[in-house]
Amino acid sequence: MAKLKELLAQKIAEHRPRTQKLLKEHGDVKIGEVTIAQAIGGARGVRCLVTDISYLDPFEGIRFRGKTIPETLAALPKPEGCEYPFVEAHWWFLLTGEVPTYDEVMEVVKDWQARRTIPQYVIDLLRAMPRDTHPMTMFSAAILAMQRESVFAKRYAQGMKKDEYWEPMFEDCTNLLAKLPSIAAYIYRMKYKGDEHIPPDPNLDWAGNFAHQMGFAKPYDDVARMYFILHSDHESGNVSAHTVHLVASALSDAYYALSAGINGLAGPLHGLANQEVLRWIQNFQAKFGGQEPTEETVREALWETLRSGQVIPGYGHAVLRKTDPRFTAQMEFADKHMPDDPLFKLVKLIYKVAPQVLMEHGKAKNPWPNVDAHSGVIQWHYGLREWDFYTVLFGVGRAVGVLANITWDRALGYPIERPKSVTTQMLEDVASGKIKPEDLGSE
Ligand code: CMX
């Protein structure tokens, strides 16, 4: 084993300069439709995915079905006395592109209430896991465990026409979505609240019941509605959305696909960044004790993070080139509801300083904050202080968008995904002119 690892380390050391050279000297060389830099660099900017559910403009940010975040929040029906819309209304809107009436939403609310109960074997599974298991691992395992419920898998085994695929997919997505907040709340209370659970309230909407089962008073229900809608969809190319689409493209059902997407969301460069933001802020506070943070101390701490080779969590984006409107929406909420919260003030201070620091650092293409730079601070304010749970909240919200997408994937008969690989040697041969890109072949 030691020998294998030694040999592998040697091979890696030999190979790395080849990849670096290709990127540095020949990144713009085309190999068919894409460049060498795109092939090595995570397919950045390659237009090869289609979705009508949301679109991410680098400078404007996300639009859901053509509407900006403020337009979406203003258009959708809200529960009585609440500031933010029903997530059920957002699901309707993402699926159809139409804004539902209050009565139409209530039909979905009642349908989800009827499908909400978590199977006992999921509870047993969660309880069997060591309590220090990360909540994202628990969440993903719970989703995967329910695969035996898949209507799609059963109907497929019986034989089904391709143009009927979307209907059992829709059923699976609805069954799954209905249960997700209660599963998340179960994990939360089992891990952090003395294993004391709160039964669902049969009269509450999806997000309202989540707040109730988590044990948080108003206006946390509105925080949940806002949070789930903001995190729902960010077009198809991000890791969680793309993973769900990719796995479902093999006709794996919604349970397999969503569980896989949740695993991608758990990465520190993706959804886990929201917990990293809180970790960063708390380390900062610990270091400066009770001192009031200043622009200077924040700047110094940011540089220290960068100098130690780490990224500044919550900043940067693969597509966006301005402040994420999901960050702005949360900022507006915080300005209204918690303007004097010390952590919120610190987030604002970081926002003032970090873009300039990142610009001086000169690496990140986007020095502006993304959704994760803010979300943990609002959760903290309302009492959700176990920051390793924050990505589960992201996952519950993200499920709404990705499940709408795979329902449409099945409706439109999108095929199994299969991009083409080349070898490093082939790239080097194209870069040196030894072979022409067209000689690489297409299959
Ligand atoms: N702090 C320090 N360096 C950063 C940075 C940041 N916040 N963002 C990007 N960079 C660096 C990259 O690490 C990369 O460095 P190398 O050339 O040494 O590898 C360089 O800048 C270029 O990266 P990029 O093209 O600007 O960004 P990518 O598309 O490669 O990555 C993202 C995008 C979000 C992963 C990256 O900006 C990052 O790591 N941000 C911090 C983590 C974070 O907030 N993630 C949450 C994103 C939102 C979400 O999906 O949840």
Side-chain angles (χ1 to χ4, degrees), residues 16 19-24 27 35 37-46 54 56 58-59 61-62 69 136 227-228 230-244 261-281 284 298-299 301-330 347 350-351 353-377 379 387 390-399 401-402:
R16 274 186 183 147
T19 304
Q20 280 155 4
K21 184 169 185 223
L22 277 168
L23 277 172
K24 204 165 161 214
T35 63
Q38 287 171 318
I40 295 177
R44 271 319 167 284
V46 178
S54 65
L56 180 59
F59 297 98
I62 193 74
I69 286 172
M136 281 297 271
Y227 198 90
F228 294 147
L230 291 184
H231 286 79
S232 61
D233 211 35
H234 219 225
E235 67 169 47
S236 298
N238 64 78
V239 168
S240 51
H242 188 207
T243 305
V244 175
I262 292 296
N263 300 342
L265 191 67
L269 295 188
H270 193 12
L272 206 76
N274 55 19
Q275 94 168 43
E276 298 299 312
V277 171
L278 253 285
R279 192 202 302 276
W280 192 93
I281 286 179
F284 173 85
V298 169
R299 181 174 293 111
L302 292 167
W303 272 113
E304 207 179 300
T305 301
L306 291 170
R307 278 196 292 265
S308 68
Q310 297 169 65
V311 293
I312 295 177
Y315 279 75
H317 201 272
V319 179
L320 275 169
R321 294 295 176 258
K322 61 158 257 185
T323 297
D324 190 336
R326 300 172 300 173
F327 174 89
T328 312
Q330 294 181 84
V347 163
I350 297 171
Y351 183 35
V353 178
Q356 185 59 38
V357 168
L358 280 167
M359 280 188 247
E360 282 168 28
H361 185 241
K363 269 191 168 185
K365 293 194 189 69
N366 177 36
W368 303 104
N370 59 58
V371 68
D372 291 323
H374 208 306
S375 40
V377 169
Q379 299 296 337
W387 32 257
Y390 293 169
T391 315
V392 176
L393 301 173
F394 194 154
V396 173
R398 180 50 50 97
V402 297

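Read the numbers this way: they start at 1 and go in the same order the structure lists the ligands and their atoms. Computed from a predicted model, the values in this text were never measured in an experiment.
- Remark: W280 pairs with F284 by the ring-ring contact (aromatic ring centres under 6.0 Å, His included) rule, at least two apart or across chains.
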Compile the donor-acceptor pairs under 3.5 Å between side chains in residues 356-363 and protein atoms, sequence neighbours left out, one pair per line.
residue: Q356; atom: NE2; partner: E360; partner atom: OE2; Å: 3.3

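- Side-chain contact between V377 and L278: present, with at least one pair of heavy atoms (C-beta onward) separated by less than 4.5 Å.
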Can you give me every donor-acceptor pair (side chain of residues 308-319, partner residue at least two apart or in another chain, under 3.5 Å) with its distance?
residue: S308; atom: OG; partner: E304; partner atom: O; Å: 3.4
residue: S308; atom: OG; partner: T305; partner atom: O; Å: 2.8
residue: S308; atom: OG; partner: Q310; partner atom: NE2; Å: 2.8
residue: Y315; atom: OH; partner: Y351; partner atom: N; Å: 3.4
residue: H317; atom: ND1; partner: V319; partner atom: N; Å: 3.0
residue: H317; atom: ND1; partner: L320; partner atom: N; Å: 3.1

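- If you take OG on S236 and NE2 on H242, they are separated by 8.0 Å, rounding to the nearest 0.5 Å.
- Put simply, the side chain of T35 reaches to within 4.5 Å of the side chain of Q38, judged on heavy atoms.
- For ligand 1, the protein residues within 4.0 angstrom (heavy atoms only) are R44, L269, H270, G271, A273, L306, V311, I312, P313, G314, Y315, G316, H317, A318, L358, K363, A364, K365, N370, D372, F394.
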